[in-house]
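The structure appears right after this line, and notes come after that.
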Amino acid sequence: MIIDFHTHIFPDVIVKKALNNLSKAISFVPFFDGTDIGILKDMERTGVNYSIILPVATKPEQVEIVNDQTIFMNKREKKIIFFGTMHPDYIDYKKELKRLKDNGVKGIKLHPVYQLTDMDSNLYVDIVNEAFKLGLIVVFHAGLDPGFPERIYSSYKKILSFLEKIDLNKGNLVLAHMGSLDEFSESYEYILGKNLYIDTAMSFGTINHMEKGLVDITNRDLIIKMIRKHGSKKILFGSDNPWMDAKSMVDVLNSFPLTKEEKDNILFKNACKLLSIKEE
């Protein structure tokens with residue numbers, strides 16, 4: 001069984017424009033067309049059983065529109081599970097988070113880089129505290145973003161400052177990209193080992209670079225070292241599809257010198273527990 005905890009699709013009306021703009025920004029060729037039908041087909045190719053869709057509201061006025069779509073799609077789809085979103089400048093966040101909870105949504109995604117807000121802002125702290133009260137999972141983009149390397153809103157230093165302001169014992173926090181993208185050494189030293197989840201998105205496996213073609217980005221020794229320190233029970237398999245090849249990531253993970261239990265924890269057991277999904 002495989003649960004991909006970190007994937008993206010886009011509404012049909014903007015999918016072509018969104019994929020084109022993001023592809024140019026990060027110089028990656030996507031592995032599917034960015035639609036719900038496309039990801040379901042790609043899941044057949046990669047052997048993924050469930051994909052978690054992590055939407056982002058880049059403006060406060062998008063929050064309810066995105067969350068309406070999340071609620072609708074979760075009623076329609078079984079194998080793709082949509083999280084909600086929140087924006088730090090959205091005023092009535094308590095009411096909107098409660099609406100998500102009442103409609104069975106499992107969690108929210110926050111993206112400091114796209115939302116132009118420091119991760120340790122009290123705006124995020126208040127949102128996370130309220131989400132924790134409601135039992136919602138909170139997923140943060142962590143570290144730099146390849147499309148906007150000049151934006152440092154969620155660097156490891158910002159992450160550490162944020163972590164000082166919340167109680168990790170009161171909810172489930174997921175830091176994407178092994179704790180801090182492009183800052184794996186800093187994540188290893190300062191973040192890993194804390195009472196939080198990390199996902200593996202864009203951390204190993206294959207990308208399709210516009211100029212270089214298929215490129216394996218795996219730093220094998222470092223990733224294994226990071227898994228050992230944080231422990232397999234707090235790591236979620238996530239690809240960042242359509243930007244990473246989920247199959248290549250599964251293959252790399254299975255090649256690591258880990259026990260079957262450790263691999264199963266990462267590939268599906270931890271996600272099943274968090275999302276209340278029956279193991280297959």
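Please read all numbers here as calculations on a predicted model, not as lab measurements.
Between the side chain of Q62 and the main chain of T58, a donor-acceptor pair closer than 3.5 Å is present. A donor-acceptor contact shorter than 3.5 Å is absent between the side chain of E211 and the backbone of S27. Of the possible donor and acceptor atoms, none in the side chain of H6 sits under 3.5 Å from a partner among the backbone N and O of H177. No donor-acceptor distance shorter than 3.5 angstrom exists from the side chain of S121 to the backbone of T117, with no hydrogens or angles considered. With hydrogens and angles disregarded, no donor-acceptor distance shorter than 3.5 Å links the side chain of K247 to the backbone of G47. A donor-acceptor pair under 3.5 Å is absent between the side-chain atoms of S154 and the main chain of P112, judged by distance alone. Side-chain atoms of R220 come within 3.5 Å of backbone N or O of S255 as a donor-acceptor pair. Side-chain atoms of H8 come within 3.5 Å of backbone N or O of L54 as a donor-acceptor pair. Panel note: side chain H230, backbone K233; no donor-acceptor pair is recorded below 3.5 Å. Although no hydrogens or angles enter the test, the distance criterion places a donor-acceptor pair under 3.5 Å between the side chain of S187 and the main chain of M178.
Rounding to the nearest 0.5 Å places OG of S239 at 5.5 Å from CZ of F237. Between K78 atom NZ and Y50 atom OH the span is 9.5 Å, to the nearest 0.5 Å. One distance of note links CD1 of I2 with CD of E280; it measures 11.0 Å at 0.5 Å rounding. Between the CD1 atom in I37 and the CD1 atom in I9 there is a gap of 10.0 Å [rounded to 0.5 Å]. Rounding to the nearest 0.5 angstrom, the gap separating the NE2 atom in H209 from the CG atom in L214 is 12.0 Å. To the nearest 0.5 Å, atoms OG (S203) and CD1 (I217) are separated by 7.0 Å.
Across all non-hydrogen atoms, the minimal contact from M249 to M202 is CE-N, 4.3 Å. Listed here is the closest heavy atom pair of F32 and G38: CD1-C, 3.6 Å. Across every non-hydrogen atom of V113 and G143, the tightest pair is CG2-O, 4.2 Å. When every heavy atom of F204 is checked against every heavy atom of T218, the shortest pair comes out as CB-OG1, 3.4 Å. The shortest non-hydrogen separation linking M43 to N49 is CE-O, 3.5 Å. Taking each heavy atom of V105 and G84 in turn, the nearest pair found is CG1-N, 3.5 Å.
With contacts defined as side-chain heavy-atom distances shorter than 4.5 Å, the pair N67/P55 does not qualify. Residues L236 and I198 are not in side-chain contact: their nearest non-hydrogen atoms beyond the backbone lie 4.5 Å or more apart. Looking at T7 and D240, their side chains never come closer than 4.5 Å, going by heavy atoms from C-beta outward. Residues I53 and F83 are not in side-chain contact: their nearest non-hydrogen atoms beyond the backbone lie 4.5 Å or more apart. You'll find the side chain of D145 reaches within 4.5 Å of the side chain of H111, heavy atoms only. Looking at P242 and L19, their side chains come closer than 4.5 Å, going by heavy atoms from C-beta outward. At least one side-chain heavy atom of E183 sits under 4.5 Å from a side-chain heavy atom of S155. Between L175 and L196, some side-chain heavy-atom pair lies under the 4.5 Å cut-off.
Other residues, nucleotides and ligands contribute over 12 non-hydrogen atoms within 6.0 Å of the CD atom of E279. Under a cut-off of 6.0 angstrom, the local environment of NZ in K234 is crowded, with over 12 non-hydrogen atoms contributed by other residues, nucleotides or ligands. Atom NZ of K24 has 12 or fewer neighbouring heavy atoms from other residues, nucleotides or ligands inside a 6.0 Å radius. Within a 6.0 Å sphere centred on NZ of K59, heavy atoms belonging to other residues, nucleotides or ligands number 12 at most. Within a 6.0 Å sphere centred on CG of L168, other residues, nucleotides and ligands contribute more than 12 heavy atoms. For CG of L123, the number of neighbouring non-hydrogen atoms (other residues, nucleotides, ligands) closer than 6.0 Å is greater than 12.
L116 and Y93 are assigned to two separate hydrophobic clusters, defined by single-linkage of ILVMFWY side chains at heavy-atom distances under 4.5 Å. One hydrophobic cluster holds both F268 and L40 under the rule that ILVMFWY side chains link at heavy-atom gaps under 4.5 Å. Put simply, M73 and I81 are part of the same group of oily side chains (I, L, V, M, F, W, Y) that touch within less than 4.5 Å, one to the next. In this structure, Y124 is a member of the same hydrophobic cluster as L163, with clusters built from ILVMFWY side-chain heavy atoms closer than 4.5 Å. If you chain together hydrophobic residues whose side chains sit under 4.5 Å apart, I224 and F184 fall into the same group.
Y90 and E64 share a donor-acceptor pair across their side chains, judged by distance under 3.5 Å alone. Side-chain atoms of N241 and D42 form a donor-acceptor pair, as typed in the model, at a separation below 3.5 Å. Between the side chains of Y156 and E189, no donor N or O sits under 3.5 Å from an acceptor N or O. In this model, a donor atom of one side chain and an acceptor atom of the other lie less than 3.5 Å apart for S232 and N265.
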Under the side-chain contact (heavy atoms from CB on, under 4.5 Å) rule, what do S180 and I159 come out as? Steps first, then yes or no, please. CA-CA 8 Å; S180 191; I159 295 170; 4.0 Å; yes
May I have the step-by-step check of salt bridge (charged side-chain N to carboxylate O under 4.0 Å, His left out) for D264 and K260, ending in yes or no? CA-CA 6 Å; D264 287 349; K260 183 180 185 301; 2.6 Å; yes
side-chain hydrogen bond (donor to acceptor under 3.5 Å, both in side chains) between N208 and D245, intermediate numbers included: CA-CA 8 Å; N208 190 2; D245 178 22; over 6 Å; no
Checking L22 against W243 for the side-chain contact (heavy atoms from CB on, under 4.5 Å) test, could you report, in this order, the C-alpha distance in whole Å, the side-chain angles of both residues, the deciding distance, and whether it holds? CA-CA 10 Å; L22 288 169; W243 310 116; 3.6 Å; yes
Derivation and outcome, side-chain contact (heavy atoms from CB on, under 4.5 Å), residues H141 and K109: CA-CA 8 Å; H141 170 85; K109 169 70 181 293; 4.2 Å; yes
Quick one: do L173 and I166 satisfy side-chain contact (heavy atoms from CB on, under 4.5 Å)? Show the steps, please. CA-CA 10 Å; L173 178 71; I166 65 167; 4.1 Å; yes
Just list the side-chain donor-acceptor pairs under 3.5 Å for residues 125-140, sequence neighbours left out, or say none.
residue	atom	partner	partner atom	Å
N129	ND2	V125	O	3.3

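E44 and K41 are not joined by a salt bridge, as no carboxylate oxygen comes within less than 4.0 angstrom of a charged side-chain nitrogen. No salt bridge links D4 with K79; every basic N to acidic carboxylate O contact stays at or beyond 4.0 Å. Salt-bridge formation is not detected for the pair R99/D92: no Lys NZ or Arg NE/NH1/NH2 atom is positioned less than 4.0 Å from an Asp or Glu carboxylate oxygen. Between K98 and D102, at least one side-chain nitrogen of the basic residue sits less than 4.0 Å from a carboxylate oxygen of the acidic one, meeting the salt-bridge criterion.
Aromatic pair F148/Y114: centroids less than 6.0 angstrom apart.
Not counting sequence neighbours, the partners of L258 by the side-chain contact (heavy atoms from CB on, under 4.5 Å) test are I227, R228, L253, F256, E262, K263, I266.
Cation-pi check for K158 over Y153 is not met; the charged atom does not lie both under 6.0 angstrom from the ring centroid and within 45 degrees of its normal.
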